[in-house]
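Bear in mind that the values here come from a model prediction, so they are computed numbers and not experimental data. All residue numbers in this chain count up from 1 along the given sequence.
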Amino acid sequence: MMRIRFLVACILILGLSTAAYPDEAKSAYKKGVSAESRKQFDAAFEAFKQAYTLKPNDARYATAYLRSRAFAAAQHVANAMKLRDSLKLQEALAEFQRAAEIDNTNFVAAQGVRETSTMLKKQAEPNAAALAESPLAKLAAEAEGPVDLEPSPNTPISLRVTTTADNIYRTIGKLSGINVLFDLDYKPQKITFELNEVKPVEALKMVALESKTMWRPISPTAIFVAAEAKRKDFETNVLKTFYLQNATTPQELQDVVGTLKGMLDINRIQVNPTRSSITVRGTPDQMVLAEKLISDADKAKAEVVIDVAVMEVARTVTNSWGTTVPTSTTISPVAGGTTGGGVNVGSVNGNHYVIPLPGASFQLLMTDSHTKVLQRPELRALDNEQATLKIGDRIPIATGSFGAAIGGGVGGVPLVNTQFTYVDIGVNITITPHIHSDSEVTLKMTLEISTHDGDLTVGGITQPQIGQRRIEHEMRLKDGEVNLLGGILTDDETRSLSGYPWLTKIPILKYLFGQENKQRQEDEVVFAITPHIVRAEEVTDENIRMIDVGTNNAIGLRYKESKPAKAKESPSTPASPAPASSGERRQPRAQANGTSAAKVTGLSGQERTGNP
């Protein structure tokens with residue numbers, strides 16, 4: 001008795017646990033859906049993981065688990081990158097580790113863990129990290145960028161002289177604390193030069209333009225001057241590698257390289273398609289322009305989601321009126337003169353024969369059937385990239401070649417070599433979008449609906465008969481605008497009359513001696529196209545603004561200088577002198593702090609150089 005009770009208790013416990021098993025998984029799945037709707041990806045992941053663990057063979061739970069795993073890991077990776085950019089390395093490492101824990105297939109998370117750990121180690125032990133580096137790597141890390149000229153004082157200069165260009169360079173150098181070196185082959189020419197309140201760097205550029213020379217800084221307080229013809233020999237060169245984020249294919253990289261070569265006259269460019277990088281060597285000004293051109297060209301392609309509603313409405317109406325009359329009978333001989341119902345017995349030359357009397361039926365029937373097929377596929381495509389959608393089946397069609405029987409034929413029958421090609425039937429959509437900057441999309445489309453309408457026998461081979469309805473269209477729509485494409489309308493009407501000749505021509509009575517059938521079949525296909533731009537091409541004011549790049553033969557940029565705040569005059573400051581009278585030149589008053597403008601003026605053909 002105790003054994004029976006124990007067995008019953010085990011069965012009840014097992015049954016209850018089995019009944020609760022799927023309910024627990026379903027409850028966890030509902031929690032995951034609710035959390036996902038609130039964009040709580042971590043909570044959704046944990047709930048879907050629980051449901052998947054309880055019922056791993058349920059495809060719905062497995063799909064939700066894998067999807068939430070990817071979303072949650074991606075969210076932690078994005079947070080980690082933001083923290084790392086803000087130099088919050090410890091928090092960033094925790095986010096990367098959490099992403100790798102959620103999805104061990106996320107290579108970005110694993111790479112982020114390694115890189116952030118290395119950054120933390122270098123931050124904690126800078127000297128040990130420096131010792132671990134190779135001598136060449138250490139030298140490469142210590143290599144500096146282009147030299148910036150730093151005049152001291154950097155005050156405006158006024159100058160009017162007639163002398164050789166080297167003297168003018170030396171004069172500006174003395175006024176701004178800059179040492180000037182000359183190429184041994186440089187032969188200065190005499191020029192007349194005049195400046196009025198010009199900063200030292202701009203003054204040096206003006207001298208170079210006037211005297212057809214070039215100069216480059218060799219230290220913050222020294223420049224080297226040479227003839228313009230030797231620019232390529234002495235001009236500073238820098239090296240930089242640009243990593244492109246959106247140009248991935250070799251063709252896209254070559255397009256960027258072509259732009260740099262054509263616009264900036266840069267010949268030393270190396271492309272690395274594997275890393276999507278471009279290494280450029282050129283002057284600092286060329287590098288600045290290369291940065292801008294690459295930034296303008298390396299933009300994410302615009303994307304569009306296209307909603308396609310395919311509606312097919314079919315209607316078949318059939319009407320049948322009249323009598324199905326007998327149109328044939330048989331005559332057969334019989335033994336004796338037996339008669340029966342519906343049988344007429346006669347004789348010819350003493351032989352009996354029988355003629356059955358066929359029956360007739362009257363039919364009055366009307367059928368009306370409607371069918372509607374609706375499909376709503378959705379395509380996402382990049383700008384100028386083709387997107388294809390095929391919904392349906394593939395039907396084989398036999399193709400072959402025939403040849404004369406040479407030894408291998410049977411009874412003179414030619415040899416047959418048969419191949420098969422497959423044709424896609426169903427809904428076939430091909431769309432190539434072009435996204436404009438004004439939130440409009442041009443769509444080049446091919447829309448096709450094909451069906452298997454039956455079979456045909458061609459050359460002794462049964463082949464499928466394909467019915468096809470096809471639209472090739474190009475149109476321009478606004479974002480979210482719905483456009484209907486119709487016009488594929490099939491309207492077939494069939495009328496047949498069967499019965500006794502001549503009698504079927506009599507009005508009304510014709511339905512007693514014959515039958516009339518009418519069938520009308522209408523079939524229409526309508527496409528509704530709606531584009532939704534999900535990423536537009538970003539064109540900012542910085543991308544379209546003009547930049548002064550120098551002359552046709554030499555690239556030279558001008559940079560904005562931040563103007564210092566204007567100091568307030570103290571009450572003890574003496575009043576400004578009265579304006580000079582006509583014909584007088586007033587020299588600027590020298591201040592004790594040396595911030596006033598310096599002016600050297602050559603009058604009556606006399607030349608003066610030196611400090612103010």
Side-chain angles (χ1 to χ4, degrees), residues 77-78 81-82 84-85 107-108 110-112 114-116 118-119 133-134 136-148 214 216-217 231-303 381-385 434-435 437 535-559:
V77 167
M81 289 184 174
K82 292 180 181 179
R84 191 171 64 180
D85 292 341
F107 297 104
V108 178
Q111 183 180 3
R114 294 192 299 269
E115 293 178 351
T116 310
T118 303
M119 294 173 67
E133 292 180 347
S134 66
L136 292 179
K138 184 178 180 180
L139 291 176
E142 294 176 354
E144 296 183 353
V147 177
D148 291 330
M214 57 82 56
R216 70 176 183 89
R231 175 178 291 274
K232 290 186 178 181
D233 296 335
F234 295 109
E235 198 167 28
T236 302
N237 271 220
V238 293
L239 183 71
K240 184 175 181 180
T241 299
F242 300 92
Y243 291 90
L244 282 69
Q245 302 294 326
N246 302 290
T248 55
T249 65
Q251 181 59 44
E252 291 174 342
L253 293 175
Q254 288 299 328
D255 291 342
V256 177
V257 171
T259 301
L260 297 179
K261 289 183 177 181
M263 299 302 298
L264 304 181
D265 195 22
I266 300 178
N267 296 322
R268 297 182 179 181
I269 301 178
Q270 184 64 40
V271 181
N272 187 345
T274 305
R275 301 294 182 184
S276 296
S277 64
I278 300 175
T279 303
V280 183
R281 177 181 171 183
T283 66
D285 289 341
Q286 286 177 327
M287 212 62 60
V288 172
L289 293 176
E291 177 84 28
K292 172 176 171 50
L293 290 178
I294 292 176
S295 176
D296 294 343
D298 186 33
K299 291 184 177 293
K301 283 190 175 182
E303 286 187 78
L382 292 172
D383 187 26
N384 295 322
E385 297 290 341
H434 176 67
I435 303 172
S437 58
R535 182 188 291 117
E537 185 175 359
E538 298 180 2
V539 179
T540 63
D541 294 338
E542 186 66 23
N543 299 137
I544 60 177
R545 74 183 184 94
M546 291 190 297
I547 298 178
D548 183 0
V549 298
T551 64
N552 186 38
N553 297 325
I555 292 179
L557 300 179
R558 295 186 299 110
Y559 301 97

- Message: If you count heavy atoms of other groups shown closer than 6.0 angstrom to CD of Gln270, is the number above 12?
- Response: no
- Measure across Val108 and Met81 and return the closest heavy-atom pair with its distance rounded to 0.1 Å. CG1-CE, 3.6 Å
- Write down the atom of Arg281, the atom of Ile266, and the distance for their closest heavy-atom approach. O-CG2, 3.6 Å
- Message: Using every non-hydrogen atom in the two residues, find where Ala302 and Ile435 come nearest and quote the distance to one decimal.
- Response: CB-CD1, 3.4 Å
- Heavy-atom closest contact (Val256 atom, Ala297 atom, distance): CG2-CB, 4.4 Å
- Message: To the nearest 0.5 Å, what is the distance between CZ on Arg216 and CD on Glu235?
- Response: 9.5 Å
- Task: Indicate yes or no: at least one non-hydrogen side-chain atom of Lys299 is less than 4.5 angstrom from one of Gln245.
- Result: no
- Message: Measuring only between side-chain heavy atoms, which start at C-beta, is Asp383 closer than 4.5 Å to Glu303?
- Response: no
- What heavy-atom pair brings Met287 and Val280 nearest, and what distance separates the two atoms? CE-O, 3.6 Å
- Message: Looking at every non-hydrogen atom in both residues, tell me the closest pair between Glu291 and Phe242 and how far apart they are.
- Response: OE1-CE2, 3.0 Å
- Query: What is the distance from atom CD of Glu252 to atom CG of Asp255, rounded to the nearest 0.5 Å?
  - Reply: 7.5 Å
- Charged N to carboxylate O under 4.0 angstrom, Arg545 versus Glu542? yes
- Is the side chain of Gln286 donor-acceptor paired with the backbone N or O of Leu264 at a distance under 3.5 Å, no angle test? yes
- Please determine, by modelled atom types, if Thr279 and Thr241 share a side-chain donor-acceptor pair under 3.5 angstrom. yes
- Counting distance only, does the side-chain N/O of Asn246 pair as donor-acceptor with the main-chain N or O of Lys301 below 3.5 Å? no
- Task: Measure the CG-CD1 distance between Leu244 and Ile278 for me, rounded to the nearest 0.5 Å.
- Result: 5.0 Å
- Query: In Å and rounded to the nearest 0.5 Å, what is the CG to CD1 distance from Leu253 to Ile269?
  - Reply: 11.5 Å
- Query: Heavy atoms, side chains only, cut-off 4.5 Å: are Thr283 and Thr236 in contact?
  - Reply: no
- Please check if the side chain of Ser277 supplies one atom and the backbone of Pro273 the other of a donor-acceptor pair under 3.5 Å. no
- Message: Less than 4.0 angstrom from a charged side-chain N to a carboxylate O is my criterion; do Asp296 and Lys292 meet it?
- Response: yes
